[in-house]
Amino acid sequence: MVLADDNFATIVNAIAEGRKVYDNIRKTITFILPTNGAQGLAIMLAVLAGTNLPITPLQALWVNMVVATTLGLALAFEESEQDLMQRQPRDPKAALLDMFLLWRVIFVSLLLLAGVFSVFSWILAQGESIELARTAAVNMLVVGSAAYLINSRFLINSTFSFHGIFSSRMVWLAIGAIMLLQLAFTYWPMMQVIFASEALQLQHWLAILLLSLAIYALVEIEKTIWRRLR
């Protein structure tokens, strides 16, 4: 960043812009890692337990591709949080992925993992095909990630408000784009052949939505605890 003059207002604006960019990098990292962590853990646990994989390697590749190209880009366009300039200066030697972010990654990875296995096991228990169960597991991972994307707009501050949920056009454009891709993954015959997916019923989508809302609520509760500790 190059300052064109030594005006104090310019310096303040430059600091604010720098803090916003750094904040958005941290948010993007904290958002992307749990998706990878959850699907990696799901495959690893299934292999160790000797059970059916809830997500195939090809389906995991699909999730990585669509999440990175849609949801992962949305946070780069986030505006500054209201308290950005009231924060203490950060230590220049501080790690980008500190203990707080590492905890958040592990916490959300476990939440997504629980959602994936819950949907997968529930559908198999109903006597449905493993292809249907895997399709639901993939959609659970993606929709849960979309819910967590809203959480990730603010690392500590609450998003449980109209402004926190709906004020970012890019976030909702990304969510809309990924839902169209998931509908194609689930219902388009060509995609069903490539990824061994099957059409979900309404009750499956309702279960996925409820679990995703639960993930959103639990992360907001976790952020409330962090705010009180801080």
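The figures that follow rest on heavy atoms only: side chains count, while hydrogens, waters and symmetry mates do not.
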Hey, what do you get for [atom1] ([X]) to [atom2] ([Y]), rounding to the nearest 0.5 Å?
X	Y	atom1	atom2	result
Ile194	Leu58	CD1	CG	8.0 Å
Asn64	Thr35	CG	OG1	8.0 Å
Ile165	Ile150	CD1	CD1	6.0 Å
Ile178	Leu173	CD1	CG	13.0 Å

Honestly curious: do Val119 and Leu213 fall in one hydrophobic cluster under the side-chain, below-4.5 Å linking rule?
no
Is it the case that one hydrophobic cluster holds both Leu73 and Phe31, taking links as side-chain heavy atoms less than 4.5 Å apart, direct or via other members?
no
May I ask you to check whether [X] and [Y] show a side-chain donor-acceptor distance below 3.5 Å?
X	Y	value
Ser167	Arg153	yes
Ser197	Thr186	no
Gln182	Trp62	yes
Glu220	Thr159	yes
Glu222	Trp226	yes
Tyr148	Ser212	no

Would Phe195 and Phe185 count as a ring pair (Phe, Tyr, Trp, His ring centres under 6.0 Å) here? Give the steps.
CA-CA 8 Å; Phe195 293 101; Phe185 171 88; 5.4 Å; yes
Do the non-hydrogen side-chain atoms of [X] and [Y] ever get within less than 4.5 Å of each other?
X	Y	result
Met170	Glu78	no
Val63	Val142	yes
Arg90	Tyr22	yes
Met85	Lys20	no
Leu113	Gln39	no
Glu198	Arg134	no
Lys27	Asn24	yes

Presence of salt bridge, Asp23 and Arg19, under 4.0 angstrom
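No, no charged N to carboxylate O under 4.0 Å.
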Just checking [X]: does its [atom1] atom have more than 12 heavy atoms from other residues, nucleotides or ligands closer to it than 6.0 angstrom?
X	atom1	value
Met99	CE	no
Trp205	CH2	yes
Glu79	CD	no

For Leu101, what residues pass the side-chain contact (heavy atoms from CB on, under 4.5 Å) criterion, not counting sequence neighbours?
Arg26, Thr30, Leu97, Asp98, Leu155
Heavy-atom pair with the smallest gap, counting every atom of [X] and [Y]:
X	Y	value
Leu112	Ala38	CB-CB, 3.5 Å
Gly164	Phe154	CA-CE1, 4.1 Å
Thr69	Met65	OG1-O, 2.8 Å

